[in-house]
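First the proteins, then the strands, lettered A, B, ... as listed; each starts at 1.
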2 protein chains.
Amino acid sequence: MQFNKLGTSCPDCRLADLCLPYGLPANEVVQLANIVRKKRPLKADEHLYLQGEECQSLYAIKSGSFRSYITNPDGSEQIIGFNFPGELMGIDSLYYGRFTSSAVALETGSVCELPLPRLNALCAEFPGLQSQVLRVLGKEIAADRDKIVLLGHRSAQEKISIFLLMLSKRYGALGFSEREFNLPMRRQDIANFLGLTIETVSRQLAELNKQGIVRIKHRNVEIKDPLQLKALVEPCHSHCSSASLG
Amino acid sequence: MQFNKLGTSCPDCRLADLCLPYGLPANEVVQLANIVRKKRPLKADEHLYLQGEECQSLYAIKSGSFRSYITNPDGSEQIIGFNFPGELMGIDSLYYGRFTSSAVALETGSVCELPLPRLNALCAEFPGLQSQVLRVLGKEIAADRDKIVLLGHRSAQEKISIFLLMLSKRYGALGFSEREFNLPMRRQDIANFLGLTIETVSRQLAELNKQGIVRIKHRNVEIKDPLQLKALVEPCHSHCSSASLG
DNA sequence: CGGTCATTTGACAAATTTCAAGGGGGGTGG
DNA sequence: CCACCCCCCTTGAAATTTGTCAAATGACCG
């Protein structure tokens with residue numbers, strides 16, 4: 001059994017249940033681990049890939065956090081998401097064969113590289129892996145749907161609250177505290193992602209702080225009152241509901 | 001060779017190149033056509049599926065147009081997209097096995113139903129179909145990314161302009177006019193989708209009308225000056241660009 | 001210790017929403 | 001065939017939110 005130089009391979013990876021190997025029989029996990037080409041350590045602000053490059057591999061995050069963004073034709077940029085350990089990056093590029101977004105490390109981190117040709121070959125061999133890839137893609141679509149809902153017709157305070165709760169939940173899923181964590185991204189990144197200005201983000205965070213719902217110091221977040229934070233997210237949207245009919 | 005009762009089967013469908021059969025060898029297309037269970041005609045405001053239902057089939061749109069929306073826990077709704085012929089609906093639900101959104105017809109239309117068990121079986125048999133499904137999923141992800149970019153930090157006028165251009169492009173891809181088409185959805189649907197109020201949508205459309213860029217009468221849209229419309233979409237977003245660094 | 005960058009804060013401006021009222025089309029029933 | 005009604009859409013004025021501009025504070029790094 002081969003092991004990669006940096007870190008442990010899939011059978012021993014503590015993230016296996018959050019990543020591609022989830023639910024696969026042991027022998028398939030070993031095969032999967034064998035095609036993982038290398039684990040690249042990246043420093044903060046180092047790019048994992050650039051929009052437009054040929055997409056030859058997918059990347060599973062092993063540690064650290066990343067920011068994905070799209071560069072518009074006019075040069076402006078839009079952050080489309082933040083990524084954490086166990087997540088697969090690059091799958092938005094499967095369709096075009098080239099990366100449709102860029103990915104950059106927010107802090108020191110490492111990834112597992114999955115060469116697409118070898119991954120495809122393995123999928124043809126193991127239907128279980130194939131459907132697992134489908135599931136991951138489906139999960140990605142579901143996550144994007146959540147982002148669309150997050151961005152649609154919500155106040156700055158709601159967006160910020162949802163954002164904090166989203167991070168809290170994801171840290172929880174990784175086995176970290178849901179109540180207290182560090183923001184790996186700058187205020188500006190949050191603002192860009194949420195479609196707000198940096199000043200509005202700062203003011204809304206200050207407001208949540210003042211109300212005692214969260215305690216924010218620099219990039220450290222402590223959620224003091226999760227229930228109240230959740231309550232901010234779902235006020236009466238009666239005027240939105242009219243979209244239904246049915 | 002079997003034919004479905006309503007409409008033509010895949011080998012003869014004029015949408016084949018926009019749909020799942022694209023690029024597949026003829027014999028595989030025939031097999032695919034054989035698993036298409038039925039083509040359901042739907043009237044306006046009739047639901048194709050409801051959020052929470054078990055997802056047993058995917059649906060390819062044959063004619064008409066649809067609106068997909070998510071119902072939030074508080075009862076409010078968020079439209080996540082509009083769908084046109086050749087597009088596959090339900091793939092956002094593959095991960096959970098249940099529909100994560102509801103789909104309703106905006107006008108009279110019909111769909112091809114693809115039962116998932118039979119589709120999966122066929123995928124196992126034909127790797128080409130399998131990768132085609134992957135491509136469609138990738139396309140869906142790319143489309144969702146476009147929506148996220150559309151919703152992020154853009155003015156009402158930009159959103160409306162992008163929306164009109166998006167529709168124009170899609171009608172063009174279907175072989176219809178890019179310059180003149182009918183909106184199948186209400187103003188309220190547009191507003192909900194774009195994260196605006198119905199009044200803002202109405203005012204922005206009136207403004208584009210007044211400037212002579214488009215001519216809008218009820219639900220009929222004629223794009224008089226596509227270049228100027230495109231110019232509205234990409235003003236200088238200098239303040240957004242700072243998200244990059246790298 | 002100085003410089004740079006991220007963040008906060010304040011005052012003002014602009015965009016969008018809210019509230020309110022008034023047309024206009026299409027469909028139904030007389 | 002016409003009148004009526006309902007719903008969709010438009011328009012106006014005021015209120016609110018958010019963005020813009022400007023300046024100050026604070027953290028981090030060499």
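Within the 4.0 angstrom heavy-atom criterion, only backbone atoms of the sugar-phosphate kind lie near B:Leu196; the bases stay farther away. Residue B:Gln157 is out of contact with every strand shown, counting any heavy-atom pair closer than 4.0 Å.
In this model, no side-chain donor or acceptor of A:Arg154 finds a partner on the base of D:dT18 within 3.5 Å.
For the pair B:Thr200 and C:dT17, the criterion of a side-chain N or O lying under 4.0 Å from OP1 or OP2 is met. Applying the 4.0 Å criterion to OP1 and OP2 of D:dC8, one finds that B:Arg186 has a side-chain N or O inside that range. Regarding contacts with the backbone of C:dT7, a side-chain N or O of A:Arg219 is found under 4.0 angstrom from either OP1 or OP2. The side chain of B:Gln204 contributes an N or O atom lying less than 4.0 Å from OP1 or OP2 of C:dT16. B:Arg187 has a side-chain polar atom (N or O) that falls below the 4.0 Å cut-off from OP1 or OP2 of D:dT10.
Side-chain contact between A:Leu232 and A:Ile213 is present, with heavy atoms from C-beta onward closer than 4.5 Å.
In this entry the distance linking NZ of B:Lys159 with P of C:dT16 reads 8 Å, nearest Å. Rounded to whole Å, the distance from CD on A:Gln188 to C1' on C:dC5 is 11 Å. A:Ile160 has its CD1 atom 16 Å from the P atom of D:dT17, to the nearest Å. The NZ atom of A:Lys210 sits 15 Å away from the P atom of C:dT8 (whole-angstrom rounding). The separation between A:Glu158 atom CD and D:dT17 atom C1' is 12 Å, rounded to whole Å. One can place CD1 of A:Ile198 at 14 Å from C1' of D:dG26, the figure rounded to the nearest angstrom. Distance, A:Ile216 CD1 to D:dG26 C1': 17 Å, rounded to whole Å. A straight line from CG of B:Asn182 to C1' of D:dC9 spans 16 Å, rounded to a whole angstrom.
Aromatic rings from A:Phe193 and A:Phe82 are positioned such that their centres are separated by under 6.0 Å.
The residue among A:Val201 and A:His218 whose nearest nucleotide of DNA chain D lies closer to the 5′ end is A:Val201. Residue whose closest nucleotide on DNA chain D sits further toward the 5' end, between A:Ser155 and A:Glu199: A:Ser155.
Which of D:dT20, C:dT17, D:dT10 sits closest to the side chain of B:Arg203 comes down to C:dT17. Closest to the B:Thr197 side chain, of the nucleotides D:dT11, C:dT7, C:dT17, is C:dT17.
A donor-acceptor pair under 3.5 Å is absent between the side-chain atoms of A:Lys224 and the main chain of A:Arg215, judged by distance alone. Checking side-chain atoms of A:Ser168 against main-chain N and O of A:Glu178 turns up a donor-acceptor pair under 3.5 Å.
Using the six-membered ring where Trp is involved, A:Tyr171 and A:Phe176 have ring planes that are perpendicular, over 60° apart on the 30 and 60° scheme.
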